[in-house]
Amino acid sequence: MKFYTFLIFFFLIYVAEGYSQTIPIYKTTAKITIDGDLSDWKNQFLGPFLIHNSGEKASQETFISLSWNEENLYIAYKCNDSNIIGKAQKKDSQIFYTDDLVEIFLDPDGDGTNYVEIGVNAFSTNYDLLLKCISPECGGWKTTMNFNITGLESVSKINPDGYNVEIKIPFSSLTKIKNGNFLEPKIGTKWKANAFRIDYGNAIEYLALQPYKSLKFGFHQPAEFAVFEFVE
């Protein structure tokens, strides 16, 4: 009986850890040019992304790497894609309904209110969205596209294997978000966050760096976000 109790205990720990990633954001002194060319990107890439609500393997691989300095958060994606869907559109178009794209959600305190969603398609079109509330506890679904991250930069670059995306997010703009708790980070600071990809190729797939246990709210599950830690 004790042996079986041990097995159950070990299994529960394994499942919990599987949904509790800590993602390192490495500090850099190098100049990062936002051009979609990742040949000079020094930090390791994490992944591949998995199907967001099952943890199953995706049809096409996605990897991410993160860096920071005193002013900005930098994000790079590598997306294998044999059938890129989408086109260049005006800023803040609702490309998440139509185009292959990557996304980043940032909610430092993980309370599910006043957090940021940024998406970029394979043709460098981006949007930035503020999620004021997603659940009945805070008043129901409330979002606004009437929101801009000053200094946000994103460039995508199509290559023979698919496409890459680079994003720069200035901390000075995030800290202005009311009740968002976006304090400028230092070494050891931890934010709740998650990274995603929507692949509209041969089969539509919704992918996440950290998959979820729940189906509720789709990608919008801050309680199950990973922990992004700013490290040396």
Side-chain angles (χ1 to χ4, degrees), residues 21-26 28 30 32-52 55 57-69 72-89 91 93 95-107 116-129 149 151-170 174 191-201 204-212 218-219 225-230:
Q21 294 188 63
T22 297
I23 308 301
I25 308 176
Y26 294 102
T28 181
I32 297 179
T33 302
I34 305 303
D35 57 6
D37 183 353
L38 306 184
S39 61
D40 59 349
W41 196 268
K42 304 301 182 185
N43 291 337
Q44 65 176 313
F45 279 78
L46 305 174
F49 286 26
L50 302 171
I51 302 298
H52 82 290
K57 183 179 179 181
S59 298
Q60 304 189 107
E61 291 186 331
T62 311
F63 297 89
I64 189 173
S65 185
L66 302 105
S67 290
W68 69 292
N69 59 22
N72 305 300
L73 172 63
Y74 298 95
I75 310 166
Y77 295 82
K78 293 180 180 179
C79 302
N80 292 340
D81 200 325
S82 61
N83 182 23
I84 297 174
I85 305 296
K87 62 183 179 180
Q89 301 188 49
K91 179 176 172 55
S93 295
I95 52 177
F96 39 79
Y97 290 129
T98 57
D99 292 11
D100 286 342
L101 80 164
V102 296
E103 297 178 322
I104 186 80
F105 291 16
L106 303 171
D107 184 23
V116 169
E117 173 183 343
I118 298 167
V120 185
N121 73 5
F123 301 88
S124 299
T125 299
N126 73 42
Y127 69 87
D128 43 5
L129 174 66
I149 297 174
L152 173 68
E153 294 182 26
S154 66
V155 175
S156 304
K157 188 173 183 179
I158 294 174
N159 58 60
D161 297 320
Y163 64 98
N164 300 330
V165 179
E166 283 184 298
I167 303 172
K168 182 182 83 172
I169 306 171
L174 295 179
W191 286 1
K192 295 298 292 294
N194 210 353
F196 306 96
R197 175 186 176 187
I198 304 178
D199 184 1
Y200 285 104
I204 299 174
E205 293 184 337
Y206 298 87
L207 315 179
L209 177 60
Q210 173 166 289
Y212 296 139
F219 283 168
F225 282 0
V227 175
F228 282 29
E229 183 174 3
F230 294 83

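Model, not experiment: these values are computed from the prediction.
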Enter the distance from [X]:[atom1] to [Y]:[atom2] here, rounded to the nearest 0.5 Å.
X	Y	atom1	atom2	value
D99	D199	CG	CG	12.0 Å
I104	I118	CD1	CD1	7.5 Å
T62	L207	OG1	CG	5.0 Å
E61	R197	CD	CZ	10.0 Å
N159	D81	CG	CG	10.0 Å
E166	T33	CD	OG1	8.0 Å

Heavy-atom nearest pair, S156 first then S124, reads N-OG, 2.8 Å
What is the minimum heavy-atom distance between A226 and I23, and which atoms define it?
CB-CG1, 4.0 Å
Does atom NZ of K87 have more than 12 heavy-atom neighbours from other groups under 6.0 Å away?
no
Does the side chain of [X] reach to within under 4.5 Å of the side chain of [Y], using non-hydrogen atoms?
X	Y	value
K78	L38	yes
I167	L152	yes
I149	L174	yes
H52	N194	no
W41	I32	yes
I169	L106	yes
K91	D128	yes
V227	K192	yes

Taking the side chain from [X] and the backbone from [Y], do they hold a donor-acceptor pair closer than 3.5 Å?
X	Y	result
S67	Y74	no
Y200	F96	yes
Q21	L209	yes
S93	I95	no

Begin from the C-alpha positions of E103 and Y127 and carry the test side-chain hydrogen bond (donor to acceptor under 3.5 Å, both in side chains) through to its verdict.
CA-CA 10 Å; E103 297 178 322; Y127 69 87; 2.4 Å; yes
After noting the C-alpha distance and the side-chain angles of F228 and W68, does the key distance pass the side chain to side chain contact (heavy atoms under 4.5 Å, CB included) rule?
CA-CA 12 Å; F228 282 29; W68 69 292; over 6 Å; no
Take the angle between the ring planes of Y212 and F196 and call it parallel below 30°, perpendicular above 60°, tilted in between.
tilted
Run the side chain to side chain contact (heavy atoms under 4.5 Å, CB included) test on N43 and L66 for me, step by step, so that the C-alpha distance in whole Å, both residues' side-chain angles and the decisive distance to 0.1 Å come before the verdict.
CA-CA 7 Å; N43 291 337; L66 302 105; over 6 Å; no
Below 6.0 angstrom between ring centroids: does that apply to W191 and F225?
no
